[in-house]
Amino acid sequence: MAKLDPETENNIEELIRAAEAGNAAAQCNLAWSYDEGEGVEVDHEKAFYWYTKAADAGDTFALCNLGVRYQLGKGVEKNEKMAMQLFRKSAKLNEPSAYYALYICYINGRGVRKNRQLALKYLHKSAELGYPKARKILKKLEETQNEQ
């Protein structure tokens, strides 16, 4: 997702107009802006609202980020069960970040029982779909295995 230019207030105003008009990508970008304080004040409740709107409009990245909000309790009451449901739903739609989120959950036992085999399956799928963080971790794992 592209970062907004914090120097240009017009960017955020245009983004808000597009989000309010129902543009799912703009809704997701606006949610991220509220989450990170990029061009607007940090407001996790507004971020949650816009991620929800974008997810309802079919944005799979927003759906995954909605899961993160539930997992962390940012802008909404913490609910790891709901987070896992959203990660799985987003992953079924082939969202690379959702597979990565599932990897993190299973490798660390966040909201689920630890399962290294399943975690690695999700990590591979995330990397296969082009998620940079997943590719980086797989590369490190391969390097470590080659050193042994």
Side-chain angles (χ1 to χ4, degrees), residues 1-6 11-12 15-16 18-20 22-148:
M1 177 172 10
K3 280 192 169 186
L4 297 174
D5 180 2
N11 284 349
I12 198 68
L15 190 59
I16 290 170
E20 288 174 345
N23 181 307
Q27 292 168 341
C28 188
N29 280 324
L30 184 57
W32 180 86
S33 297
Y34 278 117
D35 215 22
E36 298 295 321
E38 190 71 40
V40 293
E41 292 293 320
V42 170
D43 187 329
H44 296 301
E45 289 178 5
K46 284 184 180 179
F48 179 82
Y49 171 82
W50 286 110
Y51 277 130
T52 301
K53 296 287 276 186
D56 289 347
D59 189 300
T60 59
F61 184 73
L63 187 60
C64 180
N65 276 317
L66 200 52
V68 173
R69 303 299 140 239
Y70 276 104
Q71 186 177 52
L72 302 176
K74 286 176 79 174
V76 66
E77 188 175 327
K78 186 175 180 174
N79 183 334
E80 288 188 341
K81 183 177 179 180
M82 176 62 78
M84 289 300 295
Q85 289 175 358
L86 293 169
F87 294 151
R88 287 184 180 116
K89 183 176 180 181
S90 184
K92 283 182 182 178
L93 298 169
N94 272 338
E95 173 55 49
S97 62
Y99 281 108
Y100 183 78
L102 288 168
Y103 157 73
I104 294 295
C105 290
Y106 279 99
I107 202 72
N108 295 311
R110 292 195 70 176
V112 292
R113 186 177 300 213
K114 281 186 180 185
N115 184 328
R116 181 174 168 75
Q117 185 176 1
L118 191 53
L120 291 175
K121 173 186 166 186
Y122 288 132
L123 180 64
H124 280 277
K125 183 65 175 178
S126 180
E128 176 186 309
L129 292 171
Y131 198 64
K133 288 181 182 179
R135 287 182 169 180
K136 185 176 179 179
I137 291 172
L138 277 180
K139 185 178 178 183
K140 284 183 180 181
L141 288 173
E142 289 169 4
E143 288 171 358
T144 302
Q145 287 176 347
N146 290 338
E147 291 173 3
Q148 293 176 356

Give a yes or no answer on whether the side chain of [X] reaches the backbone of [Y] with a donor-acceptor pair at less than 3.5 Å.
X: Asn146; Y: Glu142; result: yes
X: Asn23; Y: Ala25; result: yes
X: Arg135; Y: Ala127; result: yes
X: Gln27; Y: Trp50; result: no
X: Ser33; Y: Asn29; result: yes
X: Thr144; Y: Lys140; result: yes

What is the distance from atom [atom1] of [X] to atom [atom2] of [Y], rounded to the nearest 0.5 Å?
X: Lys133; Y: Ser126; atom1: NZ; atom2: OG; result: 10.0 Å
X: Leu118; Y: Leu123; atom1: CG; atom2: CG; result: 11.5 Å
X: Ile12; Y: Leu30; atom1: CD1; atom2: CG; result: 5.5 Å
X: Ile16; Y: Asn11; atom1: CD1; atom2: CG; result: 11.0 Å
X: Lys121; Y: Asn115; atom1: NZ; atom2: CG; result: 10.0 Å
X: Leu72; Y: His44; atom1: CG; atom2: NE2; result: 9.5 Å

Taking all non-hydrogen atoms of both residues, which atom of [X] and which atom of [Y] are closest, and how far apart?
X: Val68; Y: Phe87; answer: N-CE2, 3.5 Å
X: Asn108; Y: Lys114; answer: O-CE, 3.5 Å
X: Leu63; Y: Lys89; answer: CD2-CG, 3.7 Å

For residues 91-103, which side-chain N or O atoms pair as donor and acceptor with protein atoms under 3.5 Å away, sequence neighbours left out?
unit_1	atom_1	unit_2	atom_2	d
Glu95	OE1	Thr60	OG1	2.6
Glu95	OE1	Phe61	N	3.3
Glu95	OE2	Ser97	N	3.3
Glu95	OE2	Ser97	OG	2.9
Tyr99	OH	Ala91	O	3.0

Residue pairs fulfilling side-chain hydrogen bond (donor to acceptor under 3.5 Å, both in side chains) with at least one residue in residues 72-88, sequence neighbours excluded: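 Passing the test, one end in residues 72-88: Arg88-Tyr106.
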NZ/NE/NH1/NH2 to OD/OE distance under 4.0 Å, Lys46 and Asp35: no
Sub-4.5 Å side-chain heavy-atom contact between Arg110 and Gln71: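 With C-beta onward as the side chain, the pair touches.
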Contact check, side chains of Val76 and Leu66, non-hydrogen atoms, under 4.5 Å: no
Worked verdict on Tyr49 versus Tyr34 for ring-ring contact (aromatic ring centres under 6.0 Å, His included): CA-CA 10 Å; Tyr49 171 82; Tyr34 278 117; 9.4 Å; no
Stepwise side chain to side chain contact (heavy atoms under 4.5 Å, CB included) check, Asn65 with Asp59: CA-CA 10 Å; Asn65 276 317; Asp59 189 300; over 6 Å; no
